[in-house]
Each structure stands twice: as structure tokens, then as C-alpha cells.
Amino acid sequence: ETSEISPSAIVRASSMSVSRSLYDAAFETAHIYKMVGYVIPLLGFSLYQTRVLEDLVRHRAHRQETLKALQRSEQKYRALYDNVSVGVARISPRMEILELNRRMREWFPHVDVEGYPICYRAYNTPPREECCSYCPTRKTFEDGQVHEAVTDTPTPDGVRNYRIISSPLTDAEGKVLAAIEMVDDITIRRQAEEAIRQAKIRAEQASLAKSTFLANMSHEIRTPMTA
């Protein structure tokens with residue numbers, strides 16, 4: 001016997017099918033919204049990361065260009081610093097020698113700046129135990145001004161005369177961080193000046209002696225001879 005399906009059963013089955021379809025549709029929609037909710041922030045974060053990376057790349061490129069420019073500037077400075085005809089030294093407030101250019105290294109080959117030697121000990125032979133009284137660099141550290149002096153520096157080959165001009169190297173607040181010494185060896189010039197001075201003295205003495213001799217001769221000639 002075939003059982004008959006009642007109309008109410010058909011209606012209930014149809015309703016259940018429709019409800020299931022609606023449920024599936026709703027679940028699928030919710031899943032899509034959920035995925036969109038994940039994706040949109042991820043896209044935003046990805047775009048942010050991209051901008052950050054682009055900024056980092058630009059910053060890196062700018063930094064590299066800046067470093068190259070600094071290197072070129074340093075090379076120019078070093079070429080000028082090492083090839084000027086005068087000596088250049090950088091001195092710390094504790095009177096330590098921080099840096100010497102090529103000319104200074106030629107004049108003082110025994111000075112090793114790696115050990116931060118004290119200038120008045122390193123430059124003088126035998127070494128001094130205290131700062132020179134005329135030291136222009138010491139005065140620069142005291143008042144922050146430019147000072148000049150001529151040294152009498154004892155060396156194994158005799159006394160050398162150096163003309164030193166000391167200038168302050170300051171920070172943004174005006175504090176003296178170091179002193180730059182411009183040094184010129186004027187020993188030969190001083191010797192020539194001394195030779196000229198001595199020659200002038202001798203010439204004056206000879207002229208005075210000649211004048212005295214002529215005056216005496218003139219007096220004897222004018223004085224009658226007596227027996």
C-alpha cells in the first residue's frame with residue numbers, strides 16, 4: 001500500500017528547505033563580512049607598511065648621499081689640512097695633542113697622537129714639566145680668544161723658534177672644546193734677523209770707533225807740538 005503524503009507535511013518540508021537555504025545564505029554572507037573585516041585592516045596595514053618602507057628607502061638613499069658628501073668634504077679638508085705649508089695641531093683643554101697634520105709630523109716625528117701626549121712635554125727636548133709661560137694655547141682656553149706667541153723650543157739640534165697662532169674651537173654654546181694651533185717655523189728668519197741686528201751693532205760700534213779716532217787725530221793736529 002502506498003501511503004499518501006498529507007498537504008501539511010509537504011508544506012512543512014518546503015518550509016524547512018527554505019529555512020535551510022536562508023540559513024546557509026546568511027552564514028555565507030556573515031562569513032564574507034568577516035573575511036572583509038579581516039582583509040580591509042590587513043590591506044590598510046599593508047599600505048602603511050609600504051609607505052614606511054618607501055620612507056625608509058628614501059631616508060637610506062638620502063643618508064647615503066649625505067655620507068658621500070661628508071666623505072668628499074672630509075677628503076677635501078684632509079687634503080688641505082695635510083698639504084698646507086704651516087703646521088696645524090688640535091689641542092685638548094688638558095693640553096693633550098689630539099691631531100697633527102703632515103708638516104707637524106715632519107717636525108715632530110717622535111710624537112704619537114694615539115697616546116694623547118701632553119704638548120709641552122712632547123714638543124720640548126728635554127720635556128718640560130709645566131706649561132710654557134708664554135703659551136698662547138693656554139691663554140685661548142682661559143678667555144676663548146685668539147692668541148699669538150713665538151717659542152724658544154729646545155730640540156736635539158738646538159733651539160727652534162715657532163710662531164704659534166692659537167684659535168678656539170667652540171660648541172653651539174660657546175664653550176671651548178679644543179684649540180687649533182697654526183704653527184710656522186721661523187727659526188731661519190729669526191737667525192737672519194739676529195744676524196742683521198748683530199751686524200748693525202758692529203757697524204755702529206765701528207762707526208763710533210772711527211769717529212772717535214778722527215776726533216782724536218783732529219785734536220792732535222790742531223794742538224801745537226811742544227818740546
Side-chain angles (χ1 to χ4, degrees), residues 76-170 176-220:
K76 291 179 181 178
Y77 160 76
R78 181 59 58 183
L80 176 63
Y81 181 76
D82 271 339
N83 290 291
V84 291
S85 60
V86 298
V88 183
R90 184 161 58 93
I91 309 297
S92 79
R94 294 187 294 272
M95 306 305 291
E96 300 166 327
I97 302 174
L98 302 178
E99 191 174 8
L100 298 175
N101 76 334
R102 181 179 57 82
R103 179 66 72 188
M104 289 293 285
R105 293 194 299 271
E106 290 174 354
W107 289 337
F108 303 96
H110 62 282
V111 175
D112 181 12
V113 297
E114 296 296 328
Y116 301 108
I118 303 301
C119 62
Y120 53 81
R121 294 176 187 165
Y123 290 152
N124 295 277
T125 304
R128 292 179 62 95
E129 293 302 322
E130 60 183 12
C131 189
C132 308
S133 60
Y134 54 78
C135 179
T137 304
R138 178 176 58 84
K139 296 177 182 179
T140 293
F141 283 121
E142 290 174 355
D143 60 15
Q145 302 299 314
V146 176
H147 291 277
E148 179 180 344
V150 175
T151 74
D152 295 313
T153 304
T155 72
D157 299 324
V159 175
R160 306 293 298 182
N161 303 117
Y162 295 100
R163 177 172 173 261
I164 301 176
I165 300 176
S166 175
S167 304
L169 185 64
T170 62
V176 180
L177 302 177
I180 301 297
E181 293 181 340
M182 304 294 289
V183 185
D184 190 14
D185 187 349
I186 61 171
T187 304
I188 296 176
R189 188 192 313 168
R190 286 288 292 269
Q191 291 172 347
E193 291 173 352
E194 180 63 19
I196 292 172
R197 189 180 71 85
Q198 293 295 333
K200 184 178 180 181
I201 291 174
R202 289 193 296 270
E204 290 174 350
Q205 291 173 343
S207 177
L208 179 61
K210 180 179 178 181
S211 298
T212 301
F213 172 77
L214 292 175
N216 291 336
M217 287 296 294
S218 176
H219 175 72
E220 290 178 1

Below 4.0 angstrom, N of the basic side chain to O of the carboxylate: do E106 and R102 qualify?
->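 Looking at E106 and R102, the cut-off is met.
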
Main-chain N/O of [Y] paired to [X] side chain as donor or acceptor, under 3.5 Å:
{"X": "H147", "Y": "Y134", "answer": "no"}
{"X": "T187", "Y": "N161", "answer": "yes"}
{"X": "D112", "Y": "E114", "answer": "yes"}
{"X": "R128", "Y": "Y123", "answer": "no"}
{"X": "S207", "Y": "A203", "answer": "no"}

Pairwise distance [atom1]([X]) to [atom2]([Y]) - rounded to 0.5 angstrom:
{"X": "E181", "Y": "I165", "atom1": "CD", "atom2": "CD1", "answer": "11.0 Å"}
{"X": "R103", "Y": "D184", "atom1": "CZ", "atom2": "CG", "answer": "9.5 Å"}
{"X": "E96", "Y": "R90", "atom1": "CD", "atom2": "CZ", "answer": "11.0 Å"}
{"X": "E193", "Y": "I188", "atom1": "CD", "atom2": "CD1", "answer": "12.0 Å"}
{"X": "Q205", "Y": "Q198", "atom1": "CD", "atom2": "CD", "answer": "9.0 Å"}

Nearest heavy-atom pair of [X] and [Y]: which atoms, and what distance?
{"X": "V150", "Y": "R190", "answer": "CG1-NH1, 2.8 Å"}
{"X": "G87", "Y": "N101", "answer": "CA-OD1, 3.6 Å"}
{"X": "I118", "Y": "R94", "answer": "CD1-O, 3.7 Å"}
{"X": "A179", "Y": "T137", "answer": "CB-CG2, 3.6 Å"}
{"X": "M95", "Y": "C135", "answer": "CE-SG, 3.9 Å"}
{"X": "V146", "Y": "P168", "answer": "CG2-CD, 4.1 Å"}

CD1/I201: more than 12 non-hydrogen atoms of other groups inside 6.0 Å = yes

Y116, OH: over 12 other non-hydrogen atoms inside 6.0 angstrom |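 Check fails, neighbour count at 12 or below.
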
Mind jotting down which residue pairs meet the salt bridge (charged side-chain N to carboxylate O under 4.0 Å, His left out) criterion with at least one end in residues 146-157? Sequence neighbours excluded, please.
->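 Sorted result for residues 146-157: E148-R163.
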
With respect to R160, which candidate in T153, T155, D185 satisfies the side-chain hydrogen bond (donor to acceptor under 3.5 Å, both in side chains) definition?
->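 The single option meeting the side-chain hydrogen bond (donor to acceptor under 3.5 Å, both in side chains) with R160 is D185.
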
Take E142 and K139 through the test salt bridge (Lys or Arg N to Asp or Glu O under 4.0 Å) and record every step on the way to the result.
-> CA-CA 5 Å; E142 290 174 355; K139 296 177 182 179; over 6 Å; no

With the side chain counted from C-beta on, respond yes when W107 and V183 share a heavy-atom pair under 4.5 Å apart, and no when they do not.
->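 Yes, side chains in contact.
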
Quick one: does M182's side chain get under 4.5 Å of I164's, heavy atoms only?
->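 No, too far: nothing below the 4.5 Å cut-off.
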
Side chain to side chain contact (heavy atoms under 4.5 Å, CB included) partner of R138, the single match among C132, C131, C119, S166 | C131

